[in-house]
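Working notes, structure below.
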2 protein chains.
Amino acid sequence: MDKKYVSLKDLAEELNVSVSTVSRALKDHPDISFEMRQRVKELAEMRHYSPNPLAMGLLKQETRMIGVIIPDIITHFYASIIAGIESVARENGYFVLISSSNESTQKEIESVENLLKARVEGFIVCLSKQTTSYDHFKGLLKRNIPLVFFDRTCLENEVSCVTVDNREASRKVVHHFYQQGYRRVAFISGPDYLNISKERIAGYYDGLNDCNLQIDPELLVKCDLSTDSARAAMNRLLSLSNRPDAVYGINDFVVFAAMKEIRKHNLEVPNDIGLVGFTDEFHATVVTPELTSIVHPTFQIGESAARLFIDQTERGRMPQMVILKTELKVRESSVLKGQPR
Amino acid sequence: MDKKYVSLKDLAEELNVSVSTVSRALKDHPDISFEMRQRVKELAEMRHYSPNPLAMGLLKQETRMIGVIIPDIITHFYASIIAGIESVARENGYFVLISSSNESTQKEIESVENLLKARVEGFIVCLSKQTTSYDHFKGLLKRNIPLVFFDRTCLENEVSCVTVDNREASRKVVHHFYQQGYRRVAFISGPDYLNISKERIAGYYDGLNDCNLQIDPELLVKCDLSTDSARAAMNRLLSLSNRPDAVYGINDFVVFAAMKEIRKHNLEVPNDIGLVGFTDEFHATVVTPELTSIVHPTFQIGESAARLFIDQTERGRMPQMVILKTELKVRESSVLKGQPR
DNA sequence: CTGAAAGCGCTAACAC
DNA sequence: GTGTTAGCGCTTTCAG
């Protein structure tokens with residue numbers, strides 16, 4: 001099989017000039033005569049020349065590759081963020097190498113190592129839900145390798161992060177429930193060490209306080225974000241002697257599980273129990289009743305993360321924090337059909 | 001900023017030997033003394049040496065990168081296939097570069113060009129729904145660049161393809177409807193030039209014939225796979241003087257749209273109209289009633305595609321066709337609650 | 001205005 | 001056993 005790509009050398013030979021002349025001509029170096037530039041460019045065009053990124057990378061010590069580590073790629077939330085990252089990356093001439101941690105710290109560490117071996121220039125990461133030790137990321141910082149976290153973050157003081165106004169969002173949810181006439185608002189949260197859990201819990205409390213609702217520890221339950229544990233959490237709520245009349249879930253996935261559990265108990269959404277989710281995945285509009293949810297600006301999260309990354313890599317910017325606004329999209333699952341109680 | 005990675009040269013200098021000695025020692029070349037091998041390996045370990053893939057790629061003219069082009073990354077179907085591709089790729093030391101066509105032929109062509117510029121070794125592709133001319137892929141074949149299609153395929157005689165038993169699957173759907181007592185089975189298909197449309201229509205006819213149901217051209221409607229056109233298609237069916245009592249959709253997405261339209265007309269699933277989808281995305285179990293659907297073995301599709309790719313690249317295998325089995329997962333949307341009619 | 005040469009990190013053929 | 005050298009494709013001094 002013959003060579004697949006033409007090199008500068010090939011062009012040079014064909015034109016009977018040196019490689020360096022060709023190289024310069026293609027970059028419009030002023031030293032090169034106009035005529036020569038024309039000739040070179042013409043031939044390059046004709047032969048479909050494209051510079052070999054490997055050679056460039058080797059020379060410049062840069063690969064134009066960004067390593068992205070996410071818990072998984074099949075959740076709409078992450079897929080959509082990746083789309084955002086990709087779009088900014090592409091605009092700036094970067095490629096994206098994706099690696100899934102499958103929510104396992106072990107695989108997350110491996111992902112870092114593998115991507116490093118591939119010589120990515122830096123990382124954009126959403127922590128696995130298991131991860132509580134951050135040594136593998138501290139190592140990157142020590143080596144001055146650019147790093148950006150989104151959604152689930154850590155080391156916030158030293159690393160660029162992109163999140164949403166989790167606390168404010170949660171507060172809005174409680175307000176909304178209150179306005180609809182719900183009075184016993186429960187929250188199904190995630191693991192305590194995750195920033196998103198902490199922030200959303202804080203906002204939940206804020207909201208309860210704002211509305212003069214009593215904080216009842218029984219109404220704050222936790223799950224590990226899996227379907228099973230979400231169901232279990234919902235069951236705990238349903239078995240309370242004084243069960244909630246509204247449930248807010250840390251993400252839509254959890255809420256879908258809760259919804260099924262509620263139905264199993266022959267209770268009805270929204271009249272017996274109001275329901276609000278977080279993320280607003282596509283499915284939110286597919287379920288019946290349609291799910292009220294905090295809209296996560298997923299694509300923009302990706303875009304912001306990529307932009308922070310590039311700022312850091314190319315312009316040496318200091319780490320910064322970007323907090324995006326969310327919005328409560330009210331649908332059927334939290335709107336009382338009868339008169340508000 | 002100092003150098004981020006240690007090179008063979010660094011190791012060589014530290015050990016006062018030549019670069020080639022180090023290189024050979026690390027590969028357990030028999031020429032090198034056992035003692036030297038030990039010393040070299042030890043230091044390499046200590047310094048976290050990892051070979052520079054750019055240098056290797058330049059030398060060997062290979063990048064170990066696979067270009068993957070998909071209509072989009074946020075649909076569960078594609079995301080899940082990518083996960084499959086990635087898993088096999090990783091096992092075999094390949095990286096995956098993903099590029100979305102956004103269902104546009106133009107962007108598909110650009111994706112090919114960009115990935116080529118990045119020097120991917122070959123492609124795994126699912127055609128955009130717009131694509132009817134295949135010149136950009138023929139070009140790859142001419143240049144002997146490995147190519148594998150999945151799901152939406154073309155050039156089947158010259159290119160490796162991974163699909164599912166579309167025809168058989170459709171037939172099974174019609175049989176199922178028939179057994180449940182449905183008699184006017186409609187099919188919402190996609191654009192005619194797509195292989196998946198053709199094959200599923202063929203199976204739909206097969207099924208009707210098997211069951212001695214009359215083929216009524218009014219019951220075969222087409223959409224461009226968008227929500228809007230799916231809704232329009234469903235509306236056409238609902239406005240028929242003799243409307244269908246069962247609807248089969250070319251994918252779940254289309255069926256969700258149809259479901260909404262049915263509800264708008266105050267008809268009930270499954271009693272007024274039975275519903276079956278294709279793909280079995282996660283949402284299938286989230287909607288009410290839960291959706292009966294053909295289970296698409298998405299992860300395996302990805303795995304197979306990647307394996308075909310590697311067979312072709314590394315073992316020079318001829319193009320082949322892999323057809324995976326599907327299964328009908330019966331849920332609520334197609335099971336009559338009252339007595340079968 | 002253009003060419004020669006070095007070097008990015010690595011391997012392999014060829015010395016010795 | 002180990003070192004030397006050339007070369008993969010490219011840019012960039014330094015010469016001329």
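Keep in mind that what you see is a predicted model, and the values were worked out from it rather than measured. Chain letters run A, B, ... following the sequence lines, proteins first and then strands; every chain starts at 1.
Look at OH on Y5(B): it is 12 Å from P on dC10(C), rounded to the nearest Å. The distance between atom CD of E35(A) and atom P of dC1(C), rounded to the nearest whole Å, is 11 Å. One can place CG of L11(A) at 12 Å from C1' of dC10(D), the figure rounded to the nearest angstrom. Between the CG atom of L59(B) and the P atom of dA13(C) there is a distance of 11 Å, rounded to whole Å. Taking atom CD of Q61(A) as the reference point, atom P of dT12(D) lies 14 Å away to the nearest angstrom. Separating the NE2 atom of H29(A) from the P atom of dT12(D) is a distance of 10 Å, rounded to the nearest angstrom. Spacing between atom CE of M36(B) and atom P of dG1(D) amounts to 12 Å, rounded to whole angstrom units. We find that CG of D10(B) is positioned 12 Å from C1' of dC8(C), with the value rounded to whole Å.
Taking every side-chain heavy atom of S20(A) into account, dT12(D) is the closest of dG9(D), dT12(D), dT2(C). In this structure, the nucleotide among dT11(D), dG9(D), dT4(D) sitting nearest to the side chain of V19(A) is dT11(D). The S7(A) side chain lies nearest to dC10(D) when the options are dC10(D), dC10(C), dG1(D).
At the heavy-atom level, N52(A) lies under 4.0 Å from the strands shown only through sugar-phosphate atoms. Looking at heavy-atom distances under 4.0 Å, V17(A) makes contact with sugar-phosphate atoms alone, never a base. Contact annotation for F34(B): no contact, since no heavy-atom pair falls under 4.0 Å across all strands.
When each of V22(B) and A55(B) is assigned the nucleotide of DNA chain D bearing its nearest heavy atom, the one mapping closer to the 5' terminus is V22(B). Residue D31(A) is the one, among L54(B) and D31(A), whose nearest nucleotide of DNA chain C lies closer to the 5' end (criterion: closest heavy atom). Taking the nucleotide of DNA chain D with the nearest heavy atom to each of K9(A) and I32(B), the more 5' of the two is matched to I32(B).
For K27(A), a side-chain nitrogen or oxygen approaches OP1 or OP2 of dT11(D) to under 4.0 Å. Taking only side-chain nitrogens and oxygens, K60(A) never comes nearer than 4.0 Å to OP1 or OP2 of dT11(D). Taking side-chain N and O atoms only, S23(B) has a distance below 4.0 Å to OP1 or OP2 of dT11(C). Note on Y49(B): a side-chain N or O is less than 4.0 Å away from OP1 or OP2 of dC10(C). Considering only side-chain N and O atoms, T21(B) lies nowhere under 4.0 angstrom from the phosphate OP1 or OP2 of dT2(D).
One donor-acceptor pair, N or O on each side, does fall under 3.5 Å between the base of dG3(C) and the side chain of R24(A). Contact annotation: side chain of S33(B) to base of dT2(D), donor-acceptor pair absent below 3.5 Å.
A heavy-atom distance below 4.5 Å is found between the side chains of L127(B) and Y134(B). Taking 4.5 Å as the limit, some side-chain heavy atom of L140(A) sits within range of a side-chain heavy atom of L116(A). By the 4.5 Å heavy-atom criterion applied to side chains, E45(B) and K41(B) are not counted as neighbours. For the pair F137(B)/V112(B), a side-chain contact is recorded, criterion being any heavy-atom separation below 4.5 Å from C-beta on.
Of the options I124(A), L115(A), I85(A), I70(A), a side chain to side chain contact (heavy atoms under 4.5 Å, CB included) to I98(A) is made by I70(A) and by none of the others.
Under the 6.0 Å distance and 45° angle rule, R143(A) counts as a cation-pi partner of Y5(B).
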